[in-house]
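These figures come from a predicted structure and were not determined experimentally.
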Amino acid sequence: MKMLLSCLLVLLSCMSGCVESGTLHLDSCSVSVHIHELRKYYSAIRTNAIEGDSDIGVKLLDKNAIKNVQEGQTCCFLRLVLRFYVERVFSNYASSQPTQQRCTSALANAFVSIRRDIHKCHCQCAEETQKTIDSLHTEFDKLVIASAAQKAMGELDTVLEWLEAQKTHP
């Protein structure tokens, strides 16, 4: 019930236009991102995503690699991370609770929207950025697909923290 209320509040805030939005400046490109909206949707599924992660010793997202994205590579990095989540994670993440399914769907739709906007940016990717994303895919592929998606959802907090940092430190 608490989860349903949380998701409903998020949906109402989106409909009323009270969601914090901001422009992320990514190298030579800017995209609009509703970080508050992403946080709200994620908070509705976070506990389940983390508790369902049985591969405690495995990390998909290296926080240091994310924090040390090279200058001029934020656009590329975000584009590739969004692609990873849209194409590999959201489609394989399953929750038995309808409220969490709706929140996951809303989060996926928000990522698709950001991805569509960033696609117009024509980001150039350096080899180091591609290697970082390749290692993410490699670790993901080592796990059973459902477990990998569960882990990636549990680690989405890292991506959201990075996005927030990009907003405050362009």
Participant: Could you tell me the separation between the CG atom of D62 and the CG atom of L136, rounded to the nearest 0.5 Å?
Facilitator: 10.5 Å
Participant: Could you check if a side-chain atom of C121 sits within less than 4.5 angstrom of a side-chain atom of V31, using non-hydrogen atoms only?
Facilitator: yes
Participant: Can you name the closest pair of heavy atoms from D55 and S147 and give their distance?
Facilitator: OD2-CB, 3.4 Å
Participant: Would E139 and K142 satisfy salt bridge (Lys or Arg N to Asp or Glu O under 4.0 Å), going step by step from the backbone distance to the final call?
Facilitator: CA-CA 5 Å; E139 292 304 313; K142 288 179 182 177; 3.0 Å; yes
Participant: Backbone N or O of N109 within a donor-acceptor pair of the S113 side chain at under 3.5 Å?
Facilitator: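 Checked: no pair found.
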Participant: Taking the side chain as every heavy atom from C-beta outward, state whether M153 and F90 have any pair of such atoms under 4.5 Å apart.
Facilitator: yes
Participant: Please check: side-chain N/O of Y42 versus main-chain N/O of C103, any donor-acceptor pairing under 3.5 Å?
Facilitator: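 Looks like no, no N/O pair under 3.5 Å.
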Participant: Go through the structure and list residues passing ring-ring contact (aromatic ring centres under 6.0 Å, His included) with F140, not counting sequence neighbours.
Facilitator: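 In terms of ring-ring contact (aromatic ring centres under 6.0 Å, His included), with neighbours along the sequence ignored, F140 is linked to F84.
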Participant: Around atom CZ of R115, are there more than 12 heavy atoms from other residues, nucleotides or ligands closer than 6.0 Å?
Facilitator: yes
Participant: How many angstroms lie between atom CD of E161 and atom CD of Q166, to the nearest 0.5 angstrom?
Facilitator: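 So the gap between those two atoms works out to 12.5 Å.
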Participant: Kindly say whether N48 contributes a backbone atom to a donor-acceptor pair with the side chain of Q150 at under 3.5 angstrom?
Facilitator: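 Present.
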Participant: Using a 4.5 Å cut-off on heavy atoms from C-beta on, say whether the side chain of Y85 contacts that of V159.
Facilitator: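 With C-beta onward as the side chain, the pair touches.
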Participant: What distance do R102 atom CZ and S95 atom OG have between them, rounded to the nearest 0.5 Å?
Facilitator: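 Separation between the atoms: 10.5 Å.
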Participant: For residues E155 and L61, report the shortest heavy-atom separation together with the two atoms involved.
Facilitator: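 In terms of heavy atoms, the two residues are closest at OE1-N, 2.8 Å.
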Participant: Would you name the heavy atoms of H25 and S30 that are closest together and state the gap between them?
Facilitator: ND1-OG, 2.9 Å
Participant: Rounded to the nearest 0.5 Å, how far apart are CG of L163 and CG of L82?
Facilitator: 7.5 Å
Participant: Taking all non-hydrogen atoms of both residues, which atom of S32 and which atom of I114 are closest, and how far apart?
Facilitator: O-CG1, 4.3 Å
Participant: May I ask you to decide if D134's main-chain N or O and T138's side chain share a donor-acceptor pair within less than 3.5 Å?
Facilitator: yes
Participant: Taking Y41 for its side chain and A108 for its backbone only, find out whether a donor-acceptor pair lies under 3.5 Å.
Facilitator: no
Participant: Could you state whether I145 and Y93 fall into the same hydrophobic cluster, counting links through intermediate Ile, Leu, Val, Met, Phe, Trp or Tyr residues with side-chain heavy atoms under 4.5 angstrom apart?
Facilitator: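 Yes, I145 connects to Y93 through the hydrophobic network.
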Participant: According to side chain to side chain donor-acceptor pair (under 3.5 Å), who are the partners of H137, at least two apart in sequence or on a separate chain?
Facilitator: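 Testing H137 for side chain to side chain donor-acceptor pair (under 3.5 Å), a comparison that skips the adjacent residues, returns R88.
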Participant: Working note: E164 + R39, criterion salt bridge (Lys or Arg N to Asp or Glu O under 4.0 Å); need CA distance, chi angles, decisive distance, verdict.
Facilitator: CA-CA 10 Å; E164 288 168 334; R39 276 279 175 208; 3.1 Å; yes
Participant: Rounded to the nearest 0.5 Å, how far apart are CD of Q130 and CD of E127?
Facilitator: 9.5 Å
Participant: Examine W162 and I50 and state if one hydrophobic cluster contains both, with Ile, Leu, Val, Met, Phe, Trp and Tyr joined whenever side-chain heavy atoms are less than 4.5 Å apart.
Facilitator: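 No, W162 does not connect to I50 through the hydrophobic network.
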Participant: Under 3.5 Å, which donor-acceptor pairs link side chains of residues 70-81 to any protein atom two or more places apart or in another chain?
Facilitator:
from: Q73; atom 1: OE1; to: A126; atom 2: N; distance (Å): 2.8
from: Q73; atom 1: OE1; to: T129; atom 2: OG1; distance (Å): 2.8
from: Q73; atom 1: NE2; to: Q124; atom 2: O; distance (Å): 3.1
from: T74; atom 1: OG1; to: D27; atom 2: OD1; distance (Å): 3.1
from: T74; atom 1: OG1; to: D27; atom 2: OD2; distance (Å): 3.4

Participant: Quick check for you: to the nearest 0.5 Å, what is the distance between K151 atom NZ and D53 atom CG?
Facilitator: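 So the gap between those two atoms works out to 3.5 Å.
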Participant: Flag the pair L107 / L156 as yes when at least one side-chain heavy-atom distance between them is below 4.5 Å, and no otherwise.
Facilitator: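 Touching, per the 4.5 Å side-chain cut-off.
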